[in-house]
Every structure is written in structure tokens, then in C-alpha cells.
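Worksheet for the structure shown next.
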Amino acid sequence: MKKYFLTTPIYYVNAAPHIGHTYTTIAADAIKRLKRIQGYDVTLVTGTDEHGQKIERAAAAANKSPQAFTDVVSAEFRKQWEDLGLQIDAFQRTTAPNHAKVVQEFFATCLKNGYVYKNAYTGQYCVSCELYVTDAKPGDNCPDCGRPTETVTEENFYFKLSAFQDQLLELHEKNPEFLQPESKRNEVLAFIRQGLKDISISRTTIKWGIPVPNEAPHVFYVWFDALNTYRSAVDAATWPADLHLIGKEIVRFHAIFWPAFLWAAGLPLPKKIFAHGWLLFENDKMSKSKGNIVRATPIKNVIGADALRYFLLREIPFGSDGSFSYDALIGRYNSDLANGLGNLCSRTLALIQQNCDSRIPQSSGDPEIAAAAALAVDSALDSYEQLNFSKALETIWGFIGTLDKFIVERAPWKLAKSGETAKLHETLYTAAEAVRLITELVSPVIPESAAKIWAQLGFETSLDSVRTDDLTWGKLPVGQTIQNLAGVFPRADLKLMTEEMKQGEAAELARQKELLGQTAAPAEAAAPAAPPAPAMAEGVSPIAPEITIDDFIKVDLRVGLVKTAEKVKGADKLLHLSIDIGEPEPRSIVAGIALAYQPEQLVNRKVVIVANLAPRKLRGLTSQGMIVAASLEGGSPALAAFIEEVPVGARLK
RNA sequence: UGCGGGGUGGAGCAGUCUGGUAGCUCGUUGGGCUCAUAACCCAAAGGUCACAGGUUCAAAUCCUGUCCCCGCAACCA
């Protein structure tokens with residue numbers, strides 16, 4: 001049998017899974033089911049990426065060893081997929097013993113082939129991103145996360161990415177199918193044309209990683225380690241993958257690094273990489289500060305996994321960014337699943353129950369509907385093949401509309417009264433047979449519900465055994481007895497369900513926090529193999545670790561009076577202030593508050609500043625301190641102020 | 001200021017590559033039906049396709065310019 005091997009990203013476990021991870025994995029599961037219908041022997045791999053400094057830190061914050069910490073979070077991912085009924089064939093962890101062996105052998109081969117070398121490097125390193133910042137000087141901030149960089153000299157192993165520049169260019173130029181959607185391919189081509197530099201693939205500053213053989217204290221750095229999970233999860237014969245399903249943030253690593261690594265090791269490349277978009281919340285990026293991160297479990301508990309699957313795959317064109325909201329989810333559920341598919345099944349089966357003694361009547365069905373069905377099947381399969389789920393579902397639902405219309409036109413309830421049995425039977429057979437085809441077609445997207453309808457149609461076989469050949473008209477056995485009629489998609493009450501999901505969300509958040517350890521580091525987004533949206537929290541951000549009074553007293557907070565304020569040229573967010581704190585000269589302070597305050601609002605206002613903060617240059621201006629402000633939702637600041645009169649220069653403690 | 005992505009009836013989107021009747025879902029209004037989950041069917045209202053030029057027999061679609069929105073970065077000590 002033909003094989004099909006697909007993967008999700010290997011999720012970074014510095015935080016618990018949220019709906020962004022779920023989106024990717026659900027899509028992968030749907031593709032798996034689809035490929036099975038097409039007759040493939042399908043292997044779906046997912047897993048967790050568990051090494052690196054961020055994990056070390058998150059673990060430390062939770063008072064756990066890295067291994068214990070990742071055990072917990074990894075299990076959380078695995079449990080999530082089980083809860084949602086996803087058909088995962090292999091769940092691989094980067095901490096798995098066999099994985100380390102695969103990575104080490106992979107390295108040895110690259111070394112032998114001359115694509116790896118050792119070199120000393122001094123540069124500015126961002127601890128948070130675990131990345132060297134090129135072109136940065138000491139004191140500069142990380143361009144990605146904005147945190148200060150540290151000057152680090154390190155001996156690293158390097159991978160000769162530069163050696164593959166032409167080959168990579170050719171790969172992407174000649175194989176437009178290799179990376180989709182096309183917009184991503186263009187970005188990658190542009191990136192390659194800029195010129196590729198060799199990349200560091202080991203670290204000596206990190207302990208929590210796979211050791212480079214005989215080269216302690218070197219451990220492998222994220223991508224050399226994580227990407228190989230796709231190989232270590234399966235036996236050698238299963239490689240290469242037919243499809244890597246990824247989020248758009250990790251395109252570069254999959255479309256540039258990974259092919260180069262594989263070439264260096266003399267291994268075949270994956271057939272295709274597909275990057276889907278971000279999942280936004282009501283058109284906003286999900287983020288901790290906005291408190292709008294959503295998790296799958298509460299949604300599943302309230303409205304069902306299939307409702308979520310259907311929503312994600314129908315509402316969002318695969319490859320584009322999409323927007324999640326409770327309103328849209330429930331709206332889709334009611335109009336498409338309850339009123340559409342659910343109601344069609346309900347009326348069809350009820351008619352058969354009432355008029356045909358619950359047996360599928362003798363007929364070959366209406367030829368026009370049969371023809372429409374064939375068209376719908378072809379068109380839907382075609383869209384599916386392009387991973388265009390939304391279009392495939394749109395086509396199927398168009399066919400559902402055709403049937404509703406057909407039933408009204410035929411009015412079988414009238415045929416029954418007037419005794420037109422032959423026509424009645426033809427009508428009901430047509431409806432039931434169409435429902436069968438629809439059920440098979442939607443099964444990759446809503447497997448649980450499709451299986452229910454399947455059983456109601458009287459089938460005793462598993463829906464998983466359906467193949468493309470079955471998708472032709474007339475395969476519904478005449479005389480088969482329909483079973484246990486019950487609504488598959490009861491209508492949802494918008495207000496009630498939204499409320500329940502929000503409550504469930506709050507509870508789930510609390511549970512996850514508990515799981516990760518109360519003071520878990522607010523590990524943010526940009527996690528290597530993780531899709532959209534930052535991790536963690538909503539509402540109140542976690543309280544920082546405990547300090548002593550001695551720690552606090554180190555911070556010198558003073559009351560200051562704003563003397564002048566002006567916008568910083570060429571910067572949207574910065575204001576340049578001079579602030580009197582009783583010193584001979586007012587301080588020059590640059591603050592990122594221009595979006596919230598006009599300069600004239602601030603002059604003569606009393607503010608609180610951190611007076612003993614190391615000076616720093618921002619946009620060419622020296623800032624000798626920092627203004628204290630509450631950080632509101634969306635990141636906008638509100639300056640601290642006093643109700644009583646306070647003298648300039650007074651210290652806060 | 002760069003780099004992306006957008007601006008299409010009340011809402012959300014498709015259509016733009018490959019010019020030629022502006023389409024879908026939801027919502028609204030009127031009617032129908034009663035098998036079905038207050039569902040389903042029919043009909044109607046509602047858009048100068050952001051703006052301005054240009055190419056063309058013909059532009060939502062191609063070209064030029066402008067405006068606006070969103071994300072990211074530069075800059076939130």
C-alpha cells in the first residue's frame with residue numbers, strides 16, 4: 001500500500017498547549033483521515049521539543065528539574081491530542097533516548113561529509129531567544145525580543161549552510177510545490193538571495209540538550225536537534241516525509257535549514273512543506289497582555305471537538321491568518337452543523353422511519369441529484385487535495401442546500417398521503433444516499449459526528465474503512481435498517497455556551513498554571529517549533545519570584561517633575577522628557593509613552609522615576625532613568641501619580 | 001521609516017495570478033411549507049468593488065500615484 005507520512009511541528013514545551021497548537025494538529029489529523037480515504041497507509045507524527053535554556057529557566061522557576069518539567073508539559077500535549085480524539089501514530093520527544101542517537105549519528109555523517117566545522121565566535125547573544133544578534137554592538141538590545149544582549153565568546157560547531165545556497169535556490173525555483181502557500185515561497189527565495197551564512201549548531205552555554213559526541217560541553221542547538229525529530233519518530237524506511245505541516249513562523253527553518261541538513265547527511269528531502277497562518281482572537285493577536293488566549297479543552301467540553309474542527313477548517317482559508325471568536329464559532333455551528341447537516345439528517349431519517357418502516361427503500365435515486373452528487377464529490381476531493389478545506393466544505397454544504405431544496409420540491413410528506421409510493425421511495429433513497437456520501441466526505445473534518453450519522457444510517461462497519469471507491473452513487477444498501485435516531489448537532493444557545501466556554505477557559509488556565517508551577521516563568525511566544533501566539537496567562541500576570549527588603553531597597557524610586565517633553569523624531573512611541581528630581585540638572589529620560597500621552601499633558605506633572613537605573617541610549621538619546629507606570633491591557637501605560645502634594649525628589653519606599 | 005497583509009451591500013469573506021453577467025455565509029423584510037433541530041424552501045431590499053489617473057471595445061481584476069487599517073521591526077530603562 002502507498003505510504004503517506006506527515007508531521008506537525010514539534011511543539012516547544014515551555015508552556016502548555018493552546019488553541020494555536022490545536023489548530024495545527026487538528027489540520028494534520030484531518031489530512032491524515034483524508035489520505036486514508038484515498039487509500040494511503042498514513043503515519044502522523046507530532047511531539048515535543050524539550051531542550052534549551054528557556055526550558056531550563058521555566059523548569060527552575062517551577063522548582064523542577066528540566067526533565068521533570070518537560071515530562072509534565074509533554075504529557076499535557078499528549079493528553080490534549082487524546083482528548084480531542086486525534087489519530088496520532090507517533091508522539092516523539094526530543095528527550096527520547098533514540099532521538100539523541102539519531103541526532104548524534106546525523107551529526108557524525110555531516111561531519112564526515114565535511115559540512116560541519118568548529119569555530120570560535122564572539123558576539124552579542126540574546127539569552128531569551130537563544131540567538132546571536134548579528135551586527136549588534138555591546139549594549140544593544142535584541143531586535144526580536146527587545147531584551148539586552150550579552151557579550152559572549154563561545155566555541156561552536158558550525159554548519160556550512162553557505163555551501164547550499166545555489167542548491168536551495170534551485171530547489172525552490174524549480175519546485176514551486178515544495179513550499180506552500182506561494183507567498184511563503186517568495187519570502188524564502190528572497191531570503192536565500194540575500195546570501196546565506198553558516199549557522200551555529202551547538203552551544204556550550206546550555207546544559208539541557210543532547211551532547212555532541214566526544215565534545216563536552218557542547219550540546220546541540222535547537223534546530224539541529226528538533227528537526228531530526230521528524231526522522232527519529234519513525235523507522236528509517238518511513239523517511240522522507242510527504243508533508244511537514246508548520247506554522248508560518250518557522251518557515252525558514254523548514255524550507256532552508258532542513259533541506260540543507262538533509263543534503264549534508266545524504267538523505268532525501270521531505271516532499272512538501274505547508275505553512276498555515278496565525279490564529280487571531282477577534283482579529284487581535286493572542287497575547288498574554290491582552291488576556292485573550294484560548295484553549296481547546298473548554299471549547300470541546302461545551303460544544304464538542306467536531307464543532308471546533310469544523311470551525312477552524314471551514315472559517316479560515318488554509319494558509320491565511322484566521323480569526324477565532326466564540327460568536328463566530330457558535331454561529332458556524334448553528335447555521336452549518338445544526339441547521340444544515342444535522343437537520344438534513346434528521347428530516348431524512350425521520351421520513352424513512354415514518355414511511356418506510358425504518359428501511360432504506362428500493363430505488364436507484366434521482367438522476368439529477370446523483371449527477372450533482374458526483375460533481376460535488378469531485379470538486380470537494382479536488383479542493384481537499386490542495387488542502388483547501390474551506391473550499392471543500394463550502395462545496396459540500398452547497399450540496400446540502402441542493403438536497404434541502406430537493407426535499408421541499410418533492411414534498412415526500414405529500415407523496416405519502418397521496419400514495420405515490422414509487423416517487424416517495426425514490427425521493428427518500430436519494431436523500432439517504434446523499435447523506436451517506438456527505439457523511440463520508442465530511443468524515444475527515446468531523447469524524448466523531450460523521451461516525452454517529454454513519455451508525456444511524458445503519459452501517460455497522462467503521463467509517464474509517466471508507467475509501468474513494470465508495471464515493472460513488474448507489475452504494476447505500478437497499479433494505480438496510482436505520483438506527484437510533486438522535487440529533488447529532490443540537491442547536492447551541494449563544495449566550496449560554498459562550499458563558500460556559502469562558503468559565504471553562506478560566507478553569508483550564510488555572511489548571512495549567514498549577515501544572516507548570518505557580519511562578520512559572522512567563523515564557524513567551526516565538527518558541528521555535530510552536531505555532532502562533534504567545535503562551536501563558538490571561539488577566540493578572542504571574543507574580544514575580546519573592547525578594548527581600550534588601551533587594552527592594554536597591555531600587556531608588558523618586559518623585560520627579562516634568563520640565564519639558566517632546567516627541568522623539570522618527571519614533572512613534574518615544575517621548576524625550578527632562579525631569580527634575582531635585583538634582584542640579586534635570587534628568588534626560590526617554591519613555592515609551594507617546595501613544596498614550598501628548599507632550600503638553602505631561603509638563604508640570606509629577607511622576608515617579610527609577611533614579612538609579614543604568615543609563616541607556618535610545619534612538620540616540622540618553623535616558624537616565626525610567627518612568628513608573630501601570631501596564632494596561634494592550635500594553636498601554638498609565639503613569640503613577642499621587643493624590644497628596646509631594647515634594648520633588650522624595651524617595652518612595 | 002522599512003517589510004508583510006488588507007480596504008468588495010449591515011457583519012464576515014470569495015473573486016484579482018489567467019480583464020468580459022459582482023458571488024457566498026450570516027443578518028434584515030415579505031411569502032411558502034410542516035418531514036425536520038423555532039428548522040427548511042422561495043422572493044426582495046442593500047454595493048459608484050478605498051480614492052484619483054492611465055491602458056483597453058471592456059477594469060474589482062492590469063499599470064501609476066494617493067489615502068486608510070492591521071501585524072512585525074526599527075525605538076516602549
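Order of the sequence lines sets the chain letters (A, B, ...), proteins ahead of strands, with each chain counted from 1. These numbers were taken from a predicted model, which means no experiment stands behind them.
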How close do F389(A) and A30(A) get, heavy atom to heavy atom, and via which atoms? CE2-CB, 4.0 Å

Can you check the Y333(A) OH to U25(B) C1' distance for me, whole Å? 18 Å

Check this for me, if you would: do D404(A) and R347(A) make a salt bridge, where the nitrogen-to-carboxylate-oxygen distance has to be below 4.0 angstrom? yes

Could you state the atom-to-atom distance from CE of M626(A) to P of C76(B) in whole Å? 11 Å

Need one value for E409(A): base, sugar-phosphate or nothing, where a base atom within 4.0 Å counts as base even if backbone is also close, heavy atoms only. nothing

Per nearest nucleotide of RNA chain B, the residue lying toward the 5' end, V488(A) or L574(A), is V488(A)

Pick the C1' atom in C70(B) and in A50(B), then give their distance to the nearest Å. 15 Å

Side chain of L351(A): nearest nucleotide among C24(B), U37(B), C35(B)? C35(B)

Can you tell me, in whole Å, how much space there is between the C1' of A74(B) and that of G2(B)? 8 Å

Quick one: do R587(A) and D580(A) make a salt bridge, cutoff under 4.0 Å? no

When rounded to the nearest Å, what value does the distance between P atoms of A44(B) and C51(B) take? 27 Å

What is the separation between atom CG on D336(A) and atom C1' on G12(B), rounded to the nearest whole Å? 13 Å

Using a 4.5 Å cut-off on heavy atoms from C-beta on, say whether the side chain of L308(A) contacts that of I303(A). no

Which nucleotide in U37(B), C33(B), C35(B) has an atom nearest any side-chain atom of A350(A): C35(B)

Hey, are D493(A) and K495(A) close enough for a salt bridge, meaning a charged N less than 4.0 Å from a carboxylate O? no

Expressed as a whole number of Å, how far does the C1' atom of G47(B) sit from that of C63(B)? 25 Å

Any base atoms under 4.0 Å from S335(A), or only sugar-phosphate, or nothing? Heavy atoms, all strands. sugar-phosphate

Expressed as a whole number of Å, how far does the P atom of G6(B) sit from that of U16(B)? 12 Å

Is R436(A) paired with E433(A) through a side-chain N to carboxylate O contact shorter than 4.0 Å? yes

Once you round it to whole Å, what is the distance between P of U34(B) and NZ of K417(A)? 6 Å

Rounded to whole Å, the CZ-P distance (F406(A) to C35(B)) equals 17 Å

SB check R309(A) E448(A) (cutoff 4.0 Å): no

Can you tell me the distance, in whole Å, between the OH atom of Y326(A) and the C1' atom of G12(B)? 19 Å

Same-atom distance (P) from U61(B) to C49(B), integer angstrom: 9 Å

Per-residue pairing states of RNA chain B in dot-bracket (Watson-Crick or G-U under 3.5 Å; . unpaired, | other strand) read ((((((((.[[[[.)....(..]]]].(((((.......))))).....[[[[[..)....]]]]])))))))....

Out of U25(B), C33(B), U37(B), whichever nucleotide has its closest atom nearest the side chain of W413(A): C33(B)

Would you classify N343(A) as touching base, sugar-phosphate or nothing, given that sugar-phosphate means primed atoms plus P, OP1 and OP2, and contacts are heavy atoms under 4.0 Å? base

What nucleic acid atoms does A338(A) come within less than 4.0 Å of, heavy atoms only: base, sugar-phosphate, or nothing? base

Verify the contact: side-chain N or O of K405(A) to OP1 or OP2 of C42(B), cut-off strictly under 4.0 Å; return yes or no. yes

For nucleotides C33(B) and A43(B), find the distance between their C1' atoms and express it as a whole number of Å. 15 Å

Candidates U37(B), C40(B), U25(B) - which lies nearest the side chain of R347(A): C40(B)

What's the closest nucleotide to the side chain of E315(A) if the choices are U25(B), G12(B), C75(B)? G12(B)

May I ask you to check whether over 12 heavy atoms, not counting those of E368(A), lie within 6.0 Å of atom CD? no

In whole angstroms, the gap separating P of A38(B) from CZ of R491(A) amounts to 7 Å

Heavy atoms only, 4.0 Å cut-off, all strands: where does G331(A) land among base, sugar-phosphate and nothing? nothing

Taking it one step at a time, do K414(A) and E420(A) satisfy salt bridge (Lys or Arg N to Asp or Glu O under 4.0 Å)? CA-CA 9 Å; K414(A) 282 185 188 163; E420(A) 295 169 79; over 6 Å; no

Hey, which of these two, D404(A) or R314(A), hits RNA chain B nearer its 5' end, going by closest nucleotide? R314(A)

Take atom CD1 of I330(A) and atom P of A11(B), then tell me their distance rounded to the nearest Å. 22 Å

Give me the distance, rounded to whole Å, that separates U64(B) from U25(B) when you measure between the P atoms they each carry. 36 Å

